[in-house]
Amino acid sequence: MSAVETLIVDEATDRLVVTLNRPDKRNAIDQRMVDELHAVCERLERDPRILILTGSDGVFASGADIAELRDRTAIDARRSINATIFSRIAALPMPVIAAVDGYALGGGAELAYAADFRVGTPRLRIGNPETGLGIIAAAGALWRLPQLVGEPLAKEMVLAGRILTGEEALAARLVGDLFEPSELLAGAHALADRIAANDPLATRFTKAVLAAPPARHPRAEREAQAVLFESPEKHRRMTAFLERRRR
Ligand code: COA
């Protein structure tokens, strides 16, 4: 990718690893980072691959960039700058894994909530201190977080500023697993390997149908399965299973 300033993008055939890289500002999410994340999304929409999102220097992200936020107006609020990019990330065709170490606060936490999976470290500190800055958490914490951890804990976090440790996030299943910081990325890759072992099209359809609203079921399943039942990969995988058993 050309002239990427706030991200480091590492490519593999089946995945991209995107490292948030504004360590001087504790990876605060500024407009430039948002723009660069949109460019990553554009690539992954064209060429679906797993996305691993991670931080740097022991910090995932300290939130939206407060220096920019302070001067934003009602017009900016209505543009939903962070909510839009996080929803685009959540809707990527293949699964998204957030590997979160250290601070994941405010918009940083909401970026992690937008992922399909979160893996963390014991020193993770995740939460939403927005009301302390005189704003609401408008990029997912008020609807994704209750879905992820249930309303009682979500309310402690968004109304009373509770910041979860890694152990607490694991107990709440907000993160699926904890690793020592030096092992975090390997842990994320191991999860990506498990996803990548399956048929990518079946994985994409599973993600899309999971996200479909109730009224679209079971039609969404029917349509997806109709495509997959005709796919050469389904035939190949099932034949391989049957032939293995015959041996
Ligand atoms: N936006 C803009 N700049 C930020 C930032 C943010 N969200 N978080 C940290 N920074 C900047 C600091 O202003 C400082 O910049 P400077 O070196 O030019 O003075 C630099 O990053 C280092 O921050 P500092 O507070 O010294 O680091 P720390 O390691 O002691 O603490 C945090 C890290 C994350 C606990 C602390 O920076 C913090 O509380 N940040 C704000 C968290 C927040 O309220 N997020 C919600 C935003 S909606």
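Whatever order the structure lists them in is the order used to number ligands and atoms, beginning at 1.
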### Message
To the nearest 0.5 Å, what is the distance between CG on D10 and CZ on R15?
### Response
12.0 Å
### Message
So, taking the atom named CG in L178 and the one named CZ in R118, what distance separates them when rounded to the nearest 0.5 Å?
### Response
13.0 Å
Could you say whether the N/O atoms of [X] and ligand 1 ever approach to under 3.5 Å?
X   : result
A64 : yes
I66 : yes
K25 : yes

### Message
Please check: side-chain N/O of T19 versus main-chain N/O of T54, any donor-acceptor pairing under 3.5 Å?
### Response
no
### Task
Please work out whether any backbone atom (N, CA, C, O) or any side-chain heavy atom from C-beta onward of A28 is under 4.0 Å from ligand 1, and answer side chain, backbone, both or neither.
side chain
### Query
Does G107 come within less than 4.0 angstrom of ligand 1, counting non-hydrogen atoms of the residue?
no
### Query
Applying a strict 4.0 Å limit to heavy atoms, is D24 in contact with ligand 1?
yes
### Query
Among R204, K207, R49, whose side-chain contact (heavy atoms from CB on, under 4.5 Å) with P93 holds?
R204
Solution key, residues 100-115 side-chain donor-acceptor pairs under 3.5 Å, sequence neighbours excluded:
{"residue": "D101", "atom": "OD1", "partner": "T121", "partner atom": "OG1", "Å": "2.6"}
{"residue": "D101", "atom": "OD1", "partner": "R123", "partner atom": "NE", "Å": "2.8"}
{"residue": "D101", "atom": "OD2", "partner": "R123", "partner atom": "NE", "Å": "3.3"}
{"residue": "D101", "atom": "OD2", "partner": "R123", "partner atom": "NH2", "Å": "2.6"}
{"residue": "E110", "atom": "OE2", "partner": "A139", "partner atom": "N", "Å": "2.8"}
{"residue": "E110", "atom": "OE2", "partner": "G140", "partner atom": "N", "Å": "3.1"}
{"residue": "E110", "atom": "OE2", "partner": "A141", "partner atom": "N", "Å": "3.0"}
{"residue": "Y113", "atom": "OH", "partner": "N128", "partner atom": "OD1", "Å": "2.7"}

Answer yes or no for [atom]: protein heavy atom present at a distance under 4.0 Å?
atom                    : result
atom 19 (O) of ligand 1 : no
atom 30 (O) of ligand 1 : no
atom 12 (C) of ligand 1 : no
atom 47 (C) of ligand 1 : yes
atom 36 (C) of ligand 1 : no

### Message
To check your reading of the model: name the closest protein heavy atom to atom 33 (C) of ligand 1, its residue, and the distance in Å.
### Response
Y103 CE1, 3.9 Å
### Task
Provide, to 0.1 Å, the distance between atom 24 (P) of ligand 1 and the closest protein heavy atom, together with that atom's residue and name.
R26 NH2, 4.3 Å
### Message
Regarding atom 45 (N) of ligand 1: of the candidates G63, A61, S62, G106, which has the closest heavy atom?
### Response
S62
### Query
Counting heavy atoms only, which of L133, D65, L105, D57 is nearest atom 44 (O) of ligand 1?
L133
Are [X] and [Y] within salt-bridge range, i.e. N to O under 4.0 Å?
X    : Y    : value
R22  : D30  : yes
R26  : D57  : no
R32  : D35  : no
E223 : R219 : no

### Task
Under 4.5 Å between side-chain heavy atoms, chaining through other members, with only Ile, Leu, Val, Met, Phe, Trp and Tyr counted: pull out the rest of the cluster around L184, sorted by chain and number.
V17, I50, I52, M94, I97, F117, V119, F179, L185, L191, I195
